[in-house]
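Here is the structure we will look at, set down as structure tokens.
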Amino acid sequence: QSVLTQPPSVSGAPGQRVTFSCSGSRSNIGAGYDVHWYRYLPGTAPTLLIYGNNNRPSGVPDRFSGSKSGSSASLAITGLQAEDEADYYCHSYDSSLGGYVFGTGTKVTV
Amino acid sequence: QLVESGGGAVQPGGSLRLSCAASGFTFGNYAIHWVRRTPGKGLEWVASIRFDGSKNYYGEAVKGRFTSSRDNFKNTAYLQMNSLRADDTAVYYCAKGSATYPDWFDPWGQGTLVTVSS
């Protein structure tokens, strides 16, 4: 079950900045567990975009940035490009459930 | 690199065993996680197995029906799925843990489709 809530969709023009949230609770993000972000393109494997709240793996452009505050986290994409069209999921750990949780997913349209 | 196999079509109540073959890293040093994706629910964590296979963790939806295991000599992880239901229909991915518990997942395999239908 998805206990992390994301907006279903966001859109922006090329070159613009978009940001969207991942809202959790005191048993997951609010408990201090890190938030990670993945990008999913249909027919492909999800790929890690941000780990540990605000760290980019090598190869991920610095147009992508993550932040975390309280029980929520956010992903920002600046200089939006057509290739950024994808589904984005946040991910964390939940101590009440004793397992990992994913966000509901956000579809980014350019 | 991770490569899943073993998916397919099965009737409700049936069983399937998925495999996740790993290469390019020291398999026995990392947890392996299973995640499924459905069009309606997005990504859902299914199961995790510790690096040495000593402990497993399961999502509520599959607890008691699915079992994860691994063979570190064969660099392969497995997900045994029993008592399958229609709502288990999904693409199943395996992913390598980051060894920084709780893990992040990277990389992921390409996924294998499981369809449960009569």
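Note on naming: letters A, B, ... go to the chains in the order of the sequence lines (proteins, then strands), and numbering restarts at 1 for each one. Bear in mind that the values here come from a model prediction, so they are computed numbers and not experimental data.
Contact annotation for F105(B): both backbone and side-chain heavy atoms come within less than 4.5 Å of a heavy atom of chain A. Proximity to chain A is absent for every atom of V91(B), based on heavy atoms less than 4.5 angstrom apart. For a residue to count as touching a neighbouring chain, one of its non-hydrogen atoms must lie under 4.5 Å from one of that chain's; by this rule P107(B) does not touch chain A. Contacts between T100(B) and chain A at a heavy-atom distance below 4.5 Å are absent for every atom of the residue.
Between W108(B) and Y38(A), the gap from one ring centroid to the other is short of 6.0 Å. Between Y93(A) and Y100(A), the ring centre distance stays below 6.0 Å. Taking the six-membered ring for Trp, H36(A) and Y51(A) have ring centres at least 6.0 Å apart.
The side chain to side chain contact (heavy atoms under 4.5 Å, CB included) test with C22(A) is passed by exactly one of T5(A), T104(A), I29(A): I29(A).
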Derivation of the side-chain hydrogen bond (donor to acceptor under 3.5 Å, both in side chains) call for Y92(B) and R36(B): CA-CA 4 Å; Y92(B) 285 75; R36(B) 64 188 182 186; 2.9 Å; yes
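By number of non-hydrogen pairs under 4.5 angstrom with chain B, the leading residue of G43(A), P46(A), P57(A) is P46(A).
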